[in-house]
There are 2 protein chains.
Amino acid sequence: MAKEIPQILKGFRDYLPQEQLARKKIMQKISEVFERFGFAPMDTPALEYYELLGGKYGEEGEQLMYKFEDQGGRKVAMRYDLTVPMARFVASYPELPKPFKRYQMAPVWRADKPQKGRYREFMQCDVDIIGSDSIIADAEVIATFDAAFKSLEIGEVKVKFNDRKLVDQVLTKLNIVKKDIGNFMRTLDKLDKIGEEKVVESLVEQGFDRNILKKYSQLMEKSSKGYVNQMTQLLSGLGVEQMEFDKYLMRGLVYYTGIVFEFVLVAKPEFGSVCGGGRYDDLLEKTTGVKMPAVGGSIGLDRLFAAIQEMDVVAPQTAAEVIVFNLDENLTADYLNMTTNLRNAGIDAEVVYEPSKLDKQFKYAQAKNMQVAVIFGPDEASARKVTLKNLREKEQRTVDLANLVAEVKSMLW
Amino acid sequence: MAKEIPQILKGFRDYLPQEQLARKKIMQKISEVFERFGFAPMDTPALEYYELLGGKYGEEGEQLMYKFEDQGGRKVAMRYDLTVPMARFVASYPELPKPFKRYQMAPVWRADKPQKGRYREFMQCDVDIIGSDSIIADAEVIATFDAAFKSLEIGEVKVKFNDRKLVDQVLTKLNIVKKDIGNFMRTLDKLDKIGEEKVVESLVEQGFDRNILKKYSQLMEKSSKGYVNQMTQLLSGLGVEQMEFDKYLMRGLVYYTGIVFEFVLVAKPEFGSVCGGGRYDDLLEKTTGVKMPAVGGSIGLDRLFAAIQEMDVVAPQTAAEVIVFNLDENLTADYLNMTTNLRNAGIDAEVVYEPSKLDKQFKYAQAKNMQVAVIFGPDEASARKVTLKNLREKEQRTVDLANLVAEVKSMLW
């Protein structure tokens with residue numbers, strides 16, 4: 001029989017109730033903070049014209065994008081990220097007041113090689129400010145993510161930032177020509193992983209001066225002072241406590257034009273960046289023909305969720321707190337009434353549909369991690385009493401049926 | 001320039017912030033009720049092996065399903081509904097305690113002819129109980145949806161129900177042979193729309209006896225009494241107030257095996273059924289080889305949302321309640337502090353990034369439907385005062401800067 005069970009697609013996954021309850025809670029907390037910072041939710045379709053998405057994500061994107069011809073012969077593609085569809089969105093509704101502050105939590109699809117923690121469908125959680133080139137907007141995007149992480153109570157987070165304009169200026173001063181800047185940045189971006197020595201080696205191999213890294217470092221230190229002071233003040237004014245200028249931080253080299261940033265969990269640095277972003281003032285024009293400055297970022301919800309699971313800060317979840325056992329078919333009306341009364345009092349409650357051995361019902365309740373079992377048989381019925389069992393502390397009490405809701409509440413809260 | 005803006009795909013749509021805020025609120029209320037009834041959330045991928053979905057939705061499904069070959073040469077398809085993937089899910093995790101009570105809110109895709117209110121991507125909102133053949137489970141699915149609608153405060157809802165087993169029995173008694181039962185049901189299902197006379201005509205054309213409808217009606221009345229009594233009592237025990245046995249209700253003829261039901265909004269009958277479902281005891285075995293009884297249903301979230309928009313019961317939505325105006329670049333630190341204090345008090349607040357004409361800032365605040373503007377210029381700064389303007393009632397007051405948060409709260413709540 002087992003081999004008849006159809007398989008889930010390679011690189012995809014299901015979310016079981018326990019995980020999904022925890023994920024939902026995390027997403028809800030994050031979205032509350034986003035709204036507190038004035039970002040409004042919006043959504044775009046899972047499918048777009050391939051014409052829109054094609055050529056926007058480099059060669060890799062071209063290979064990994066799910067694309068096909070639809071029933072009308074249109075070339076379409078599944079959403080590869082949330083940024084390019086958002087650019088189309090902003091261009092399509094010119095009446096949206098600017099700056100347009102939006103957030104979006106939605107899955108994207110990439111036919112990437114599946115490996116531990118990397119899936120072909122994953123949630124992105126983006127915040128963007130479109131239509132402002134203010135440095136306050138830069139700081140606010142960072143402050144929004146910072147507050148979102150704080151709301152999750154997962155310990156300290158730290159944001160590292162740099163500015164691509166500063167980097168450009170310094171490299172120009174060092175007489176590095178435009179066409180080499182990309183390679184230089186890509187090499188420096190590896191410093192965290194491979195160390196200074198290997199970066200220098202790699203730079204020399206590429207034909208750069210052996211002292212170029214030292215010179216870059218010194219010049220960045222000097223040139224960045226004013227900027228770092230200003231950004232630190234803005235961030236601190238917006239409630240961010242831990243920030244660090246990182247002159248080696250470069251991030252996705254393609255479209256950033258100003259600030260770039262990354263968040264790390266102080267207690268779990270091994271998870272790397274759980275959020276990153278930056279300013280991308282040219283992307284909207286390239287994508288839609290509408291010139292508009294923009295800054296934003298994205299939480300990698302799946303990586304964050306994996307880290308949170310390891311941190312053991314999410315309590316075990318259950319959908320139902322209370323279970324009304326079914327001991328006698330003739331008492332069905334009572335069971336339904338009790339269940340309905342509990343639910344009307346805002347308590348998550350289940351009722352067992354068919355009378356069965358008490359043992360079996362206890363097993364079900366434990367498997368679902370429920371808290372209180374309501375036991376009501378013919379004896380209790382004639383005495384108008386009900387037995388309540390705390391399934392976690394194994395303690396039980398018998399109370400008046402009329403006090404059911406109040407007694408259950410006192411056991412839950 | 002306009003013609004450079006890429007288009008949204010035909011039959012798809014964007015959700016603008018106002019709509020998305022309202023949709024989010026509706027979905028949240030519904031999911032709270034689902035959890036109160038003991039249903040747990042779960043999720044499955046957007047893509048599945050075509051092998052799983054193909055042949056499960058009849059000829060129409062075959063034509064409307066988005067299917068393609070992925071990078072690995074697999075035949076895949078986008079989720080066409082939530083039921084078949086759920087069947088795979090249940091079969092894949094035999095350790096899930098039974099009955100498995102789940103809900104799922106997720107988009108599905110069908111390349112249907114786009115028309116008013118019908119899109120190629122739409123949200124389904126399903127509740128199912130897998131692994132119980134109890135009639136209480138039937139009643140509970142209905143009671144769950146009923147409570148969900150009540151939580152939305154959209155006026156009275158009524159559930160109509162019928163039972164396919166009853167119908168089968170009656171038709172057999174009427175000597176209608178198995179192969180004609182489908183046609184008979186499909187014709188009767190139209191009674192609501194085309195009326196009794198036309199139904200009789202159509203039945204006669206198909207070769208049925210001219211009195212068949214009358215006979216069916218009489219025999220159903222008689223045969224259903226016990227069932228209707230029992231179901232009415234169960235529903236009422238679970239808090240359902242308005243229910244009606246409808247002997248002509250048939251619904252999607254393919255896989256239902258027992259109860260079938262539909263909800264209508266009493267104030268908006270023209271929207272038709274906003275929710276429907278039934279028992280489908282054979283589907284899991286057909287789909288996965290694992291035999292398991294099941295009952296469930298689905299809210300058509302988009303139709304419901306359209307009805308709600310017409311009913312004018314959803315208040316205008318905004319992401320940010322308060323806006324801190326920017327009148328002077330030198331006061332940036334004050335603006336950020338004020339904004340941060342408001343946010344820390346749980347108030348949704350925005351700050352304007354660049355100083356500009358007051359007029360322009362008011363226009364932005366109005367376009368975003370904000371409630372309170374915080375006005376703080378050099379005069380206010382030296383007096384340590386701040387002016388608060390209620391943007392809806394056009395009334396304003398000047399208060400001590402130290403009382404900002406308390407004063408704003410008093411204006412909002």
Side-chain angles (χ1 to χ4, degrees), chain A residues 1 4-9 12 14-17 20-21 24 35-49 51-52 66 68 70-71 76 88-89 91-92 97 107 111 121 132 134 136-137 234 237-239 288-289 319-320 333 336-337 340 343 348-350 353-354 364 367-368, chain B residues 1 4-9 12 14-17 20-21 24 35-49 51-52 66 68 70-71 76 88-89 91-92 97 107 111 121 132 134 136-137 234 237-239 288-289 319-320 333 336-337 340 343 348-350 353-354 364 367-368:
Chain A
M1 195 175 75
E4 287 184 59
I5 297 176
Q7 297 301 300
I8 191 168
L9 206 48
F12 288 79
D14 295 315
Y15 291 102
L16 290 156
Q20 187 65 1
L21 278 164
K24 267 193 66 197
E35 290 180 20
R36 188 157 326 130
F37 277 71
F39 292 86
M42 43 72 80
D43 207 7
T44 62
L47 285 179
E48 298 273 0
Y49 276 108
E51 206 185 4
L52 173 70
Y66 283 102
F68 59 99
D70 78 357
Q71 283 80 343
V76 300
R88 176 195 57 69
F89 181 96
S92 305
E121 173 179 65
S132 168
S134 163
I136 305 181
L234 292 174
L238 286 165
T288 67
L336 299 189
N337 276 330
T340 301
R343 287 169 177 166
D348 297 350
E350 266 197 55
Y353 302 133
E354 278 146 298
Y364 174 74
K368 292 196 69 174
Chain B
M1 194 174 78
E4 288 185 57
I5 298 176
Q7 296 301 300
I8 191 169
L9 206 48
F12 288 78
D14 295 316
Y15 291 102
L16 290 155
Q20 187 64 4
L21 278 164
K24 267 192 67 198
E35 291 180 18
R36 186 157 327 129
F37 277 73
F39 292 86
M42 43 73 79
D43 208 8
T44 62
L47 284 179
E48 298 272 0
Y49 275 108
E51 204 185 5
L52 172 70
Y66 284 101
F68 58 100
D70 78 357
Q71 283 81 343
V76 300
R88 175 194 58 68
F89 180 98
S92 306
E121 173 179 65
S132 167
S134 164
I136 305 181
L234 293 174
L238 287 165
T288 67
L336 299 189
N337 276 331
T340 302
R343 287 169 178 167
D348 298 350
E350 266 197 55
Y353 302 132
E354 277 146 301
Y364 174 75
K368 292 196 69 176

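When reading the values below, keep in mind they use all heavy atoms of this one structure, side chains included, and skip hydrogens, waters and symmetry mates.
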- Options B:P45, B:S92, B:G239, B:P107, ranked by heavy-atom pairs under 4.5 Å with chain A, top entry: B:P45

- Note on the structure: Residue set satisfying ring pair (Phe, Tyr, Trp, His ring centres under 6.0 Å) with A:F68, at least two apart, ordered chain then number -> B:F68

- Query: Checking A:A91 against chain B: side chain, backbone, both or neither under 4.5 Å from a heavy atom?
  - Reply: both

- If you tally heavy-atom pairs under 4.5 Å between each of A:L16, A:L52, A:V76, A:N337 and chain B, the highest tally belongs to A:L16

- Is there side-chain contact between B:R88 and B:Y49, with at least one heavy-atom pair below 4.5 Å? no

- Query: What residue, out of B:L234, B:I8, B:D70, has the most heavy-atom pairs lying under 4.5 Å from chain A?
  - Reply: B:I8

- Message: Any heavy-atom pair between the side chains of B:P6 and A:E51 that's under 4.5 Å?
- Response: no

- Item | Closest contact, heavy atoms only, A:Y364 versus A:E350 | OH-OE1, 2.8 Å

- Note on the structure: Most contact-rich option vs chain A, by heavy-atom pairs under 4.5 angstrom, among B:R343, B:M42, B:K24, is B:R343

- Segment of B:E121 engaging chain A (4.5 angstrom heavy-atom cut-off): side chain

- A:L47 and B:Y66, any side-chain heavy atoms less than 4.5 Å apart: yes

